[in-house]
Amino acid sequence: MTTQEQAPSDTSGDGRDDADRYDPLAVEARWQQRWAETDLYRTPDQMPGRDNWYHLTMLPYTSGDLHIGHWFAMAPSDTIARFRRMNGANVLFPMGFDAFGLPAENAAIARGTHPKDWTDGNIERMRGQLKRMGAMFDWEREVNTSAPDYYRWTQWWFLKLYEQGLAYRDGAAVNWCPQCATVLANEQVEDGRCERCGDLVGQRTMEQWFFRITAYADELLANEEMEWPDHVKLMQRNWIGRSEGSEASFALEQPTSDGTDEIRVFTTRPDTLHGVTFMVLAPEHRLVAELTTEEHREEVEAYVQASLRASELERQSTDRDKTGVFTGSYCVNRLTGERVPIWIADYVLATYGTGAVMGVPAHDDRDFEFAELFGLPIPVVIAPEDWDGEPLTQAYLEPGVLVNSGQFDGTPSDEAKGAITEHLDANGWGGPKVQYRLRDWLISRQRYWGAPIPIVYCNSCGTVPVPDDQLPIELPYDVEFRPTGQSPLALSEEFVHTPCPECDEPARRETDTMDTFMCSSWYFMRYADPQDADFAIDREIADMWLPVDQYTGGSEHATMHLLYARFFYKAARDAGLVPDDEPFTRYFAQGQILGPDGRRMSKSRGNVVPPDDQVERWGADAFRAYLIFLGPWDQGGPYDVDGIVGVARWLRRAWSLVAGEVDASAAADAANALAPLQEAHRTLERVTADLDRFQMNTAVAALMELTNSLARLRDEGPVHEESWNGALRLFALMLAPICPHFAEELWERLGQPYSVHQQAWPAVDASLTARETVELVVQVNGRLRDRLQVAPDADEAEVRALADASERVAAALGGKEPQRVIYVPGRLINLVAG
RNA sequence: GCCGAAGUGGCGGAACGGGUAGACGCGACGGUCUCAAACACCGUUGGGGUUCACGCCCCGUGUGGGUUCGAGUCCCACCUUCGGCACCA
């Protein structure tokens, strides 16, 4: 894309001199340089007379180029930050780079380069692109999560969590992405596929590090008070998925060789316990081998093997027929004394509850399907309302009265839940239990480009945390980082071998690296104190800035980043490191910008609009204003490459108001002298309210209306000089948060002192917004018949008299007398005639 | 399947707790400037009817009902689209 040729001469057609045309690229370059030279956006930790306000937008992943989604997330966020600054706050609005992670490694492998080189190059380029945005980022506070002086503290946070018992190592069946050759957290699997590469995810049993996020499940669930969008809070609540129920123990007929003599299950329907006709274990359940009898061994082993081989997608498909095999063993329902056959089936999840479920086919869809398939009995224990004793044709899930349930017969099911749970408790067979859908956060990654986990394994001392003063554990540069299924760091003899920090004997380092979501769980803390060599964040500085007052970013992070960061903050709070309970007091989720065809932008669809092209062609200010003008920010929508011309035309017209010739004098028509200033103040009232509510699209529309009215006043004749200039100054101030370069240029041309961005947001002058008359609608039977010009405070009698005098109203009434009159001052009068 | 959000001109969208539907902009059409053009400028633009004309009338916010003097806005039922979860016992 090349710079467009300038029109050679007067093209405006109205005879105005336009040798001085708006040249966005020149204007923007000039002011960006001046802002940098004068440190305009440097944010001190404290500023006399101003309260601190922490405004944060999500940092970009260092994928290579800024795309239009970044602009849509960041430019409007900058507008809000600037508005807040003009309203008197000392605003921290930082920017940085989320730089560790799989994509960098995958890209480096594909291009035959090194992840660090690739990432550093991307940061260079992206920083330049971000600066072109003209945002008020304080670049002195930039963070790069892959820099040793950052990930040193990421490692330190790991040790803090370890100290608090929130980091632990466990062997478990975990999600495995074959393409990325690493394990993934639960949150990073979408529809059974890897969130990053889309490959089918399988299962593997490995020793891994976890963060005990479930320890905070109830606190994370209690998010009602947060000023976040309801749908995001709801997503988090659903993700955490709290279920209240009971745990029940079933006695094994034959204890296993390790002395286990029971199987425990979690159920939300303890009222149906008398209807259990089978028990199902997940194929991964630890008792499967023990419980399998010789007769069934071959079949069971084949089933388990097949289950382990199956991808998550296959396992989780709900429209697939149920499968399962009998182990040959039995347990006993303690309530009834009945023998219950023990099956295994892959519809039971190993990672939820106890990995075993009781089968109550009469009152659970899945159990019903399973029992029908394998010919197991389906006894009814909750009677449907007018049940005649016939067998069920489908599971009955509604409440009812207990039958075939011994001493509990006749009890309503809701009541029976409590009664049976108590009964279990009293006999030592179980009791009340709360289960969460949320799993602990798996943070180990068998990949190179991440922060090494600061742990050493010693034959005599066991698992030993690396002492703080030995941090960072640096990532060696010269490593073969191709994925093999074990961490590339394991191949580096130099990295692996280290003396034990406790006994100094030879020991081995942990070679896995941390999930990058760990890096982004605390980056907002580091912005507040980015160069501190002694602390991740100084407590005094934390108190100045945290928590974040306003966070903005995409809601696709609802159950990942936003949940992890909340967990992390609570752990930091419990370690006494940060104030308050939540990291992000307010959060706003912007929508997603789509391709011109209304679909997600992607290279394969060929609908990607590169933001650099838009900036080059129209300037950053027009691009910013257009992204804002498109529609409500939380909605997103298609990017129409033709639509931006409207905003560009508007800015050109606005330019001519200031740079073009205007017939203005102090002696101009006194009757209309105030008109420009009145228009500006009426606009100010709207723009202030709109920016307050993040309704920036209508703020732009209001500003367009203002320039249209001012142009009309100019064209209609001489304007009053003082009023005119006052209106233009207000316009520049209102435009400053939206088009920062353009506004700065106007401000200077209006003879005002540098910088427009250091000015206070103007106050509305109510005497200038008041109107002498308002248009009032006259309705007859609710239908519009005439309009009147009346004083805003005109009383009903006055308006009624005017309405009665209207010929059109009389015609509509057709001689009938109104039986009822509704008068809404300033709005309408409605004459209701039978 | 469950949960959530949303349906307004050719398009993006506006309309504060029920009160002038279509602000603002794109596109389209007509015109101006131009040899010609547009990233220029001016004007028209929801649909239908009627008038020589200024006008005036009717219809219209996904569909069908309802409440109300009055409904894009509130209530009920349904349809469609998008987002989240998806054998969580």
Side-chain angles (χ1 to χ4, degrees), chain A residues 4-7 9-16 18 21 190-192 229-232 234-235 237-239 241 243 245 265-269 272 280 315-320 322 345-349 351-354 356-360 364-367 369-370 435-439 555-556 558-559 591-592 598 617-618 622 626 629-632 634-640 642-650 652-653 689 693 695 697-698 700-705 708 775-784 787 808 811 818-822 824 826-833:
Chain A
Q4 296 296 315
E5 229 176 281
Q6 293 294 313
S9 62
D10 181 1
T11 54
S12 66
D14 57 7
R16 263 185 291 279
D18 59 2
R21 284 175 62 92
E190 289 178 352
D191 294 332
D230 287 334
H231 74 273
V232 174
L234 191 66
M235 265 195 251
R237 282 202 290 273
N238 291 342
W239 185 262
S243 298
V265 296
F266 172 73
T267 179
T268 54
R269 294 295 303 274
T272 64
V280 198
R315 284 283 295 268
Q316 297 200 347
S317 164
T318 45
D319 41 56
R320 187 176 56 117
K322 296 263 176 300
D346 64 5
Y347 78 90
V348 177
L349 304 175
T351 50
Y352 184 77
T354 61
V357 300
M358 61 186 208
V360 186
D364 182 280
D365 284 329
R366 299 154 298 185
D367 298 345
E369 191 191 334
F370 194 79
Q435 270 295 332
Y436 299 94
R437 188 184 165 285
L438 180 72
R439 315 294 207 271
S555 61
E556 67 272 18
T559 56
Q592 203 180 34
R617 183 159 181 201
W618 306 101
Y626 182 55
F629 183 64
L630 274 179
D634 56 357
Q635 213 174 289
Y639 184 85
D640 174 9
D642 296 323
I644 190 172
V645 68
V647 172
R649 284 177 191 146
W650 168 56
R652 201 175 295 128
R653 275 182 272 127
R693 290 177 302 166
Q695 289 180 12
N697 57 324
T698 48
V700 173
L703 289 168
M704 287 175 167
E705 286 182 65
N708 289 346
E775 192 176 76
L776 190 123
V777 163
V778 186
Q779 294 182 341
V780 175
N781 292 330
R783 300 182 74 93
L784 192 156
R787 300 158 201 268
R808 300 180 50 196
Q819 288 153 6
R820 204 175 149 191
V821 177
I822 287 111
V824 184
R827 289 275 183 194
L828 58 77
I829 185 165
N830 186 8
L831 308 177
V832 185

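Keep in mind it's a predicted model, so treat the numbers as computed, not measured.
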Salt bridge (charged side-chain N to carboxylate O under 4.0 Å, His left out) between A:Asp346 and A:Arg320: does it pass, once the steps are laid out?
-> CA-CA 11 Å; A:Asp346 64 5; A:Arg320 187 176 56 117; 3.1 Å; yes
Applying a 4.0 Å non-hydrogen cut-off, can you work out what [X] is touching in the nucleic acid: base, sugar-phosphate, or nothing?
| X | answer |
| --- | --- |
| A:Arg439 | base |
| A:Pro638 | nothing |
| A:Thr351 | nothing |
| A:Val348 | base |
| A:Arg783 | sugar-phosphate |

For the side chain of A:Tyr626 and the backbone of A:Asp640, is there at least one donor-acceptor N/O pair under 3.5 Å apart?
->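 Indeed, once roles are kept as given, a pair shorter than 3.5 Å links the two residues.
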Any donor-acceptor pair under 3.5 Å from A:Arg820 side chain to A:Pro818 backbone | no
[X] [atom1] to [N] [atom2]: how many Å, rounded?
| X | N | atom1 | atom2 | result |
| --- | --- | --- | --- | --- |
| A:Leu234 | B:G84 | CG | C1' | 9 Å |
| A:Tyr352 | B:A86 | OH | C1' | 14 Å |
| A:Lys322 | B:C87 | NZ | C1' | 5 Å |
| A:Asp365 | B:C87 | CG | P | 14 Å |
| A:Gln635 | B:G7 | CD | C1' | 11 Å |
| A:His231 | B:C85 | NE2 | C1' | 14 Å |
| A:Gln592 | B:C82 | CD | P | 14 Å |
| A:Gln695 | B:G13 | CD | P | 14 Å |

Working to the nearest 0.5 Å, report the span between [atom1] of [X] and [atom2] of [Y].
| X | Y | atom1 | atom2 | value |
| --- | --- | --- | --- | --- |
| A:Asn781 | A:Asn830 | CG | CG | 7.0 Å |
| A:Gln779 | A:Arg787 | CD | CZ | 10.5 Å |
| A:Thr698 | A:Met704 | OG1 | CE | 12.0 Å |

Considering only the [atom1] atoms, how many Å lie between [N] and [M], rounded to the nearest integer?
| N | M | atom1 | value |
| --- | --- | --- | --- |
| B:A14 | B:A6 | P | 12 Å |
| B:A40 | B:G47 | P | 25 Å |
| B:G62 | B:G7 | P | 8 Å |
| B:C59 | B:A21 | C1' | 13 Å |
| B:G10 | B:G4 | C1' | 31 Å |
| B:C42 | B:C26 | P | 11 Å |
| B:G65 | B:A71 | P | 15 Å |
| B:G9 | B:A5 | C1' | 24 Å |

CA sep, side-chain torsions, deciding dist, call: A:Met358, A:Thr267, side-chain contact (heavy atoms from CB on, under 4.5 Å) | CA-CA 8 Å; A:Met358 61 186 208; A:Thr267 179; 3.5 Å; yes
Cation over ring face, A:Lys322 and A:Phe370, 6.0 Å, 45° =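 The answer is no, since A:Lys322 fails at least one limit relative to A:Phe370.
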Do any side-chain nitrogens or oxygens of A:Arg437 fall under 4.0 Å of OP1 or OP2 in B:A86?
-> yes
Should A:Ser243 be listed as having a side-chain N or O under 4.0 Å from OP1 or OP2 of B:A89?
-> yes
So what's the dot-bracket for RNA chain B: Watson-Crick or G-U pairs under 3.5 Å, [ ] if a pair crosses, | if it pairs off-strand?
-> (((((((..(((......[....)))((((((.......))))))(((((....)))))..(((((..]....))))))))))))....
Would you give a per-nucleotide map of nucleotides 17-26 of chain B, 5' to 3', where B means the base has a protein non-hydrogen atom under 4.0 Å away, S means only the sugar-phosphate does, and - means neither?
-> --BB--BBSS
Which nucleotide in B:C3, B:C87, B:C85 has an atom nearest any side-chain atom of A:Asn238 |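 It is B:C3.
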Could you walk me through whether A:Arg653 and A:Asn708 pass the side-chain contact (heavy atoms from CB on, under 4.5 Å) check?
-> CA-CA 9 Å; A:Arg653 275 182 272 127; A:Asn708 289 346; 3.1 Å; yes
What pair of heavy atoms forms the shortest contact from A:Val360 to A:Asp367, and how long is it?
->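 The answer is N-OD2, 2.9 Å.
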For B:G48, does the glycosidic angle fall within 90° of 0 (syn) or outside that (anti)?
->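 Anti, which is what one calls it when the glycosidic angle falls more than 90° from 0.
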Nearest-nucleotide 5' precedence on RNA chain B, A:Arg652 against A:Tyr347 = A:Arg652
Check step by step if side-chain contact (heavy atoms from CB on, under 4.5 Å) holds for A:Val700 and A:Trp650.
-> CA-CA 10 Å; A:Val700 173; A:Trp650 168 56; 4.2 Å; yes
